[in-house]
Protein chains: 4
Amino acid sequence: METESKNFLAFTLDPKSGVPFYKQIILQIEMAIADGRLNCGDQLPTVRGLAVDLQINPNTVARAYSELEIRGILLSQQGSGTFISDKKIKLNEIERERILAELTRTFITKAASYGFTLNEIINYMGEFENETEKGDKENDTNDKK
Amino acid sequence: METESKNFLAFTLDPKSGVPFYKQIILQIEMAIADGRLNCGDQLPTVRGLAVDLQINPNTVARAYSELEIRGILLSQQGSGTFISDKKIKLNEIERERILAELTRTFITKAASYGFTLNEIINYMGEFENETEKGDKENDTNDKK
Amino acid sequence: METESKNFLAFTLDPKSGVPFYKQIILQIEMAIADGRLNCGDQLPTVRGLAVDLQINPNTVARAYSELEIRGILLSQQGSGTFISDKKIKLNEIERERILAELTRTFITKAASYGFTLNEIINYMGEFENETEKGDKENDTNDKK
Amino acid sequence: METESKNFLAFTLDPKSGVPFYKQIILQIEMAIADGRLNCGDQLPTVRGLAVDLQINPNTVARAYSELEIRGILLSQQGSGTFISDKKIKLNEIERERILAELTRTFITKAASYGFTLNEIINYMGEFENETEKGDKENDTNDKK
DNA sequence: GTGGTCTAGACCACA
DNA sequence: GTGGTCTAGACCACT
C-alpha cells in the first residue's frame, strides 16, 4: 500500500497501525505542505486515482480531502481537481515530534521483540545512513545532467 | 490512575489520549521489556490486581495480557499467574541482519511519508537513547544511596 | 448451531466438546485456509452475522477474529469487514527447510511422548491427506453438475 | 519442558496447548501403559523429582498421580514411591486417534501458516523417516553388543 | 452497514 | 488465590 505521485509525494497506508486510513492521508498531506513537498497551487491526485493506487474505498479519500477543505487547507474546483490553498499549516514541533516518537517507538519495540537492543538498532541505522549517502550521491550526479 | 510495583514498574492510563486502555497497557509492557525493566520469567501484576489499581474492568487488563500472550511475549498459566515469556529467539547472524534490515527499511519508508529525513530520524533515535540512559542513571543513583 | 456460506464454508459449534467456542471458530478458519477453502483476500462472515448464525454472542466471534488478526492471519478494517490476510511469506528455500524441520521435530517429539511411532504418524498423515482429497473431489463433482 | 526417565519414558509439557499440565501428565502415563512402555510394578518418578524436571508446581504432579490412583491405575506406597498397578488400561483406538488427530491438526495448520502445503509436509516426513531409519540401525548395532 | 472498546457480572477450572 | 470463557448491552468510529 504505497504510491508515488509526480510531486515526489509518496503515500503509505498501514492497515495494522490502528490509525484510520483517512487520518493517515490527512496527516501525510499536512506534513508534505509543512515541509515544502507540496506548495500553494499544487494539484493533488484525484479522489478516484488515489483510491485505486492505495486500494481503498474512494469515500475514504473523499473524506480526507473534504476534511482538509473544511479546514481551508485544500480547495476543490468542480471539474478541474483539488489544489493546495494558500493557508499556512501551523504544525508545531510538538506535533511533529509526537508522530516521529510514535513511529520510532513502534519500530523499537518490534525490533526488541526479535532480541535487538536499542544500541544495536542505532548502530545499524548509522551504517544504513552511510550506505544511503553513497546512493544519494549517485542520484545527485544523475540529476545534475 | 497509576500504580507502582516493586520493580519500579509503574502503569499509568491516560483516558484523554484516545488510545484504548488495553493498548496503553500493552505499550507500557513492551517498553518495559525493551529497556530491561521487565525480564524473562518476571511475573506481571495479577489481572484483578492491576484492574483494581488502574480502576478499570478486569476484562480490559485480561485483553491486554491475552494479546501479548498470543504474540508470544507473555505466558499465562491458570492458577499461577502471568509471566514474561522466555522465548529464545534462535536466529543466526544472517537471518538477524536480514530481519533488522527489513524492519528498518519499512520504518524509514513510513517515516519518509510523513516528511522525516533519514538524518532527522537518526538524530531523534540518539535523543531517544539518551533519555533512556538518563532514566537509568537516576534510578541507579537512587538505588545506591 | 451450523451455518454455511457461499463458498462451501460451514461453521459448526459443538457445545459438548469442552473446546471454547472462540477456539472452535479459530480452528475451523485455520483448517479452511490450510486446505484452500479460504484464500488470500477472501472476506469472512461479519462478526454479527456469524454470531446470529451460530447463536452466540458477537463478542465471542470478535474474539476469535481478533486472535487471528493478532497472529497476522486475518485483517479487520472498521467499516468494511474482515479478510484473509495476504501476507506474503518471503523466505528463501534454506530458511523454509529449517522452519519445516524445526516444526516437524517438535511435532514428532511431542507425539512420541504419547507413544506414537514415526511410522504410525506418517501413515496417519497419509489418511489425513486422503480424507481431504475425497472431500475436494466430492465438491468438484457437486460443482460440475 | 521435557524430561527423560530411566524407563525410556519422556514427559513433555506444552504450556501453549491449553491442556492443563495435570491432564497432559495423566494422558502420557496412560498412553505409556497402554503401549507397554510402562508395565505392572514399574516405579514412577517421585512427585518432587518430576516437578523439578518439568519445572512445575509439585501439587500439579501430585494431582495427576492422585487422580490416576483413584482410578486404580497407580498405587502409592508411603515411603517407597508410586507404582503401576495391574489394572488394564482400556484406551480404545478412537481415543488414541483423537489425540493423534489433534496433534497432527495443530502441526499442519501451523506449517500451513508458513506457506507449506499438505503435500510438501507429507513428502518431508517421508524423507525424515528415511534419515531416521539410518540412525535407528546404528543404534540397533550399538544395542546388540 | 462494518468492526472496536469497555463494562458488569456470572461461572468454570487450575495451582 | 490465579486466569479463562461467555453473555448482555452500551457507546463509539469508520466506510
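Reminder, nothing fancy here: chain letters follow the sequence lines and each chain counts from 1. Since the model is a prediction, treat every value here as computed from it, not as a measurement.
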Open item on the list: I'd like to know if B:Arg71 pairs up with B:Glu67 as an ion pair, taking the criterion as any Lys NZ or Arg NE/NH1/NH2 lying under 4.0 Å from an Asp or Glu carboxylate oxygen.
Closed with: yes
Open item on the list: What's the separation between atom CZ in B:Phe116 and atom CG in A:Leu100, rounded to the nearest 0.5 Å?
Closed with: 4.5 Å
Open item on the list: To the closest 0.5 Å, what do you measure between CG (A:Leu54) and CD1 (A:Ile25)?
Closed with: 5.5 Å
TODO: For B:Ser76 and for A:Arg63, locate the closest nucleotide of DNA chain F by heavy-atom distance; then report the residue assigned to the nucleotide nearer the 5' terminus.
DONE: B:Ser76
Task: Residue met sooner reading DNA chain F from 5', once C:Ser80 and B:Gly49 are mapped to nucleotides - done: B:Gly49
- [ ] Identify, between C:Asn59 and D:Asn57, the residue whose nearest nucleotide on DNA chain E lies closer to the 5' end.
- [x] C:Asn59
Task: Which residue lies more 5' along DNA chain E, comparing B:Thr60 with D:Pro20 via nearest heavy atoms - done: B:Thr60
TODO: Output yes when at least one side-chain N/O atom of D:Lys23 is less than 4.0 Å from OP1 or OP2 of E:dC14, else no.
DONE: yes
- [ ] May I ask you to say what C:Tyr22 touches in the nucleic acid, namely base, sugar-phosphate or nothing, with a heavy-atom cut-off under 4.0 Å?
- [x] sugar-phosphate
Open item on the list: Using a 4.0 Å heavy-atom cut-off, does C:Thr82 contact any base of the nucleic acid, only the sugar-phosphate backbone, or nothing at all?
Closed with: sugar-phosphate
Task: Exam field: side chain C:Gln78 to backbone A:Pro20, donor-acceptor pair closer than 3.5 Å - done: no
Open item on the list: Looking at A:Gly72, is its backbone amide N or carbonyl O close enough to the side chain of A:Ser85 to form a donor-acceptor pair, meaning the two atoms are under 3.5 Å apart?
Closed with: yes
Open item on the list: Any non-hydrogen side-chain atom of A:Phe21 less than 4.5 Å from a side-chain atom of A:Pro15?
Closed with: yes
TODO: Indicate yes or no: at least one non-hydrogen side-chain atom of B:Tyr65 is less than 4.5 angstrom from one of B:Leu50.
DONE: yes
- [ ] Can you tell me the distance, in whole Å, between the CZ atom of B:Phe83 and the C1' atom of E:dC14?
- [x] 13 Å
- [ ] For DNA chain F, write out the stems as range with range, using runs of 3 or more consecutive Watson-Crick or G-U pairs with both distances under 3.5 Å.
- [x] E:1-14 with F:1-14
Task: Start and end of chain A contact along DNA chain F [non-hydrogen atoms, under 4.0 Å] - done: F:dC14 to F:dT15
TODO: Could you check D:Thr109 against C:Leu27 for side chain to side chain contact (heavy atoms under 4.5 Å, CB included), going step by step and ending with a plain yes or no?
DONE: CA-CA 9 Å; D:Thr109 54; C:Leu27 290 174; 5.8 Å; no
Task: C:Gln28: side chain to side chain donor-acceptor pair (under 3.5 Å) partners, not counting sequence neighbours - done: none
